[in-house]
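For reference, the structure discussed in these notes is given below.
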2 protein chains.
Amino acid sequence: MSRPPASEPTEVELQILRILWERGPSTARQVHEALQAMKSTNYSTTVKMLGVMLEKQLVARDDSVRPQVFQAAHTRPVVQRKMLRRMVDTVYGGSLKALVLQALSSKEAESEDLTEIRALIEDLEAKEGNA
Amino acid sequence: MSRPPASEPTEVELQILRILWERGPSTARQVHEALQAMKSTNYSTTVKMLGVMLEKQLVARDDSVRPQVFQAAHTRPVVQRKMLRRMVDTVYGGSLKALVLQALSSKEAESEDLTEIRALIEDLEAKEGNA
DNA sequence: CAGCTTTAGCGAAATCCTTCGCTACTCCCC
DNA sequence: GGGGAGTAGCGAAGGATTTCGCTAAAGCTG
């Protein structure tokens with residue numbers, strides 16, 4: 001039977017999506033080889049996963065070429081946003097601000113990053129102000 | 001057999017942790033009642049979950065009182081940070097900045113939030129500058 | 001086109017998460 | 001101390017995810 005379409009990607013699914021986002025459209029073999037860098041599973045497993053992901057519509061498949069070529073069904077930002085929202089809801093009680101504040105106050109916020117973020121905020125505030 | 005200690009909390013585990021963070025130390029019964037607000041599962045299930053979470057050391061149990069009292073093993077910020085880090089690694093390729101920039105550019109970033117965030121950045125930059 | 005390599009896919013096993021039924025234990029009240 | 005109510009826990013079922021073996025199909029090479 002088929003699966004709930006477009007549910008949240010699971011762990012392994014996310015690993016595969018990252019590969020597809022980075023490499024672009026790829027054959028099962030190529031995905032599998034990239035996957036080896038992270039884990040050592042069988043080629044069969046990769047193929048099966050791609051099949052499952054196709055059912056879930058997490059990836060699309062081009063059958064007009066041989067071997068078949070897979071690509072992510074949604075762009076990285078789209079998936080990121082969806083997962084971020086979920087994180088905000090389940091872990092930060094729905095407060096995006098809480099998440100950002102915590103992210104910024106963690107050690108790894110570099111000063112160049114901060115500058116860039118501040119610039120973005122000024123941009124956004126400017127827009128808000130004119131609205 | 002025992003379970004991998006202190007792995008990431010799963011969905012239901014997170015719901016329970018949220019209850020414990022909000023209510024403070026609680027009996028199984030109290031956790032169960034709070035849980036009912038979100039889902040309707042059996043009391044047995046709640047008890048079992050607390051047992052599993054104890055094995056995973058996600059919660060601690062005080063056996064010196066009757067009924068036993070559970071509390072979260074780690075504070076909310078600690079768990080949040082861990083999950084955020086994981087999210088950054090698996091979804092944002094390790095770039096905290098990428099996550100924050102995306103969070104800020106999503107619609108729900110309110111202007112008051114922005115002000116507050118900007119204040120934090122100025123704080124941080126001040127500290128960096130003196131280092 | 002025969003045979004070898006690569007690719008595609010199915011079905012089942014292994015693992016994890018979530019659920020609950022059933023049993024035993026503790027507590028309290030009469 | 002006996003009996004009912006609430007509490008604790010085990011073991012197993014059900015569902016989802018991840019794994020792979022085995023088979024079949026497609027493509028390549030001589």
Side-chain angles (χ1 to χ4, degrees), chain A residues 1-20 25-71 83 86 90, chain B residues 1-20 25-71 83 86 90:
Chain A
M1 288 293 139
S2 69
R3 312 205 178 213
S7 51
E8 298 278 284
T10 64
E11 199 55 38
V12 181
E13 286 166 358
L14 201 50
Q15 288 179 333
I16 292 178
L17 283 180
R18 273 192 294 169
I19 289 165
L20 290 175
S26 312
T27 65
R29 173 67 52 188
Q30 290 168 329
V31 170
H32 177 61
E33 260 146 31
L35 209 47
Q36 300 286 60
M38 301 177 242
K39 52 187 336 211
S40 48
T41 52
N42 202 296
Y43 174 70
S44 268
T45 304
T46 305
V47 170
K48 176 63 154 191
M49 275 303 169
L50 285 168
V52 169
M53 291 171 79
L54 186 63
E55 274 188 71
K56 287 191 185 176
Q57 293 173 268
L58 291 173
V59 297
R61 188 177 64 184
D62 180 354
D63 285 328
S64 72
V65 293
R66 245 15 242 223
Q68 302 158 342
V69 168
F70 294 86
Q71 61 180 310
M83 297 191 74
R86 186 178 161 70
T90 61
Chain B
M1 288 293 136
S2 68
R3 313 209 174 210
S7 51
E8 298 279 285
T10 63
E11 199 55 38
V12 180
E13 286 167 357
L14 202 49
Q15 288 179 333
I16 292 178
L17 284 179
R18 273 192 293 172
I19 288 165
L20 290 174
S26 310
T27 65
R29 173 67 52 187
Q30 290 167 330
V31 170
H32 177 62
E33 260 146 31
L35 209 47
Q36 300 286 61
M38 301 178 241
K39 49 187 336 207
S40 48
T41 52
N42 202 294
Y43 174 70
S44 267
T45 303
T46 304
V47 171
K48 176 62 156 189
M49 272 323 221
L50 286 168
V52 168
M53 292 171 77
L54 187 62
E55 275 187 69
K56 288 192 185 175
Q57 293 173 270
L58 290 173
V59 299
R61 187 176 68 184
D62 181 354
D63 285 328
S64 72
V65 292
R66 257 355 255 228
Q68 302 158 341
V69 167
F70 294 86
Q71 61 179 312
M83 297 191 74
R86 186 178 160 70
T90 62

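Proteins get letters first, then strands, A, B, ... in listed order; numbering begins at 1 in each.
- Regarding the sugar-base torsion, dC28(D) falls in the syn class, its angle being within 90° of 0.
- In this structure, dA26(D) forms a base pair with dT5(C), meeting either the Watson-Crick or the G-U wobble geometry with both donor-acceptor distances under 3.5 Å.
- A heavy-atom distance below 4.5 Å is found between the side chains of P9(A) and M83(A).
- A distance of 3.5 Å separates CE of M53(B) from CG of L17(B), quoted to the nearest 0.5 Å.
- Between M49(B) atom CE and dC16(C) atom P there is a gap of 14 Å when expressed in whole angstrom units.
- T90(A) and E11(B) make their closest contact through CG2-OE2, 3.8 Å (heavy atoms, listed as atom of the first residue, atom of the second, distance).
- Nucleotide dC20(C) holds its P atom 10 Å from the CD atom of Q36(B), rounded to whole Å.
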Every protein N/O within reach of nucleotides 8-10 of chain C N/O, cut-off under 3.5 Å:
| unit_1 | atom_1 | unit_2 | atom_2 | d |
| --- | --- | --- | --- | --- |
| dA8(C) | OP1 | Q68(A) | N | 2.8 |
| dA8(C) | OP1 | Q68(A) | OE1 | 3.3 |
| dG9(C) | OP2 | R61(A) | NH1 | 2.8 |
| dG9(C) | O6 | S44(A) | OG | 3.3 |

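- Atoms NE2 (H32(B)) and P (dC20(C)) sit 9 Å apart, rounded to a whole Å.
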Could you go through residues 28-44 of chain A and list every donor-acceptor pair under 3.5 Å that involves a side-chain atom there, pairing it with any protein atom two or more places apart or in another chain?
| unit_1 | atom_1 | unit_2 | atom_2 | d |
| --- | --- | --- | --- | --- |
| Q30(A) | OE1 | T27(A) | N | 2.8 |
| Q30(A) | OE1 | T27(A) | OG1 | 3.4 |
| H32(A) | ND1 | T46(A) | OG1 | 2.8 |
| H32(A) | NE2 | Q36(A) | NE2 | 3.3 |
| N42(A) | OD1 | S44(A) | N | 3.1 |

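- One finds the CG atom of L20(B) at 8.5 Å from the CD atom of Q71(B) (value rounded to the nearest 0.5 Å).
- Heavy atoms of T10(B) sit under 4.0 angstrom from primed sugar atoms or phosphate atoms, though from no base atom.
- Per the geometry, CG belonging to L54(B) stands 16 Å off P belonging to dC17(C), to the nearest Å.
- If you take NZ of K56(B) and C1' of dT18(C), they are 11 Å apart, rounded to a whole angstrom.
- Residue M53(B) contributes atom CE, which lies 10 Å from atom P of dT18(C) at whole-angstrom precision.
- Rounded to whole Å, the distance from CD on E8(A) to P on dA16(D) is 16 Å.
- The interatomic distance linking D63(B) (CG) with dT7(D) (C1') rounds to 12 Å, in whole Å.
- Taking only side-chain nitrogens and oxygens, T45(B) comes nearer than 4.0 Å to OP1 or OP2 of dC20(C).
- What you find for V52(A) and E13(A) is that their closest heavy atoms are CG1-OE2, 4.0 Å.
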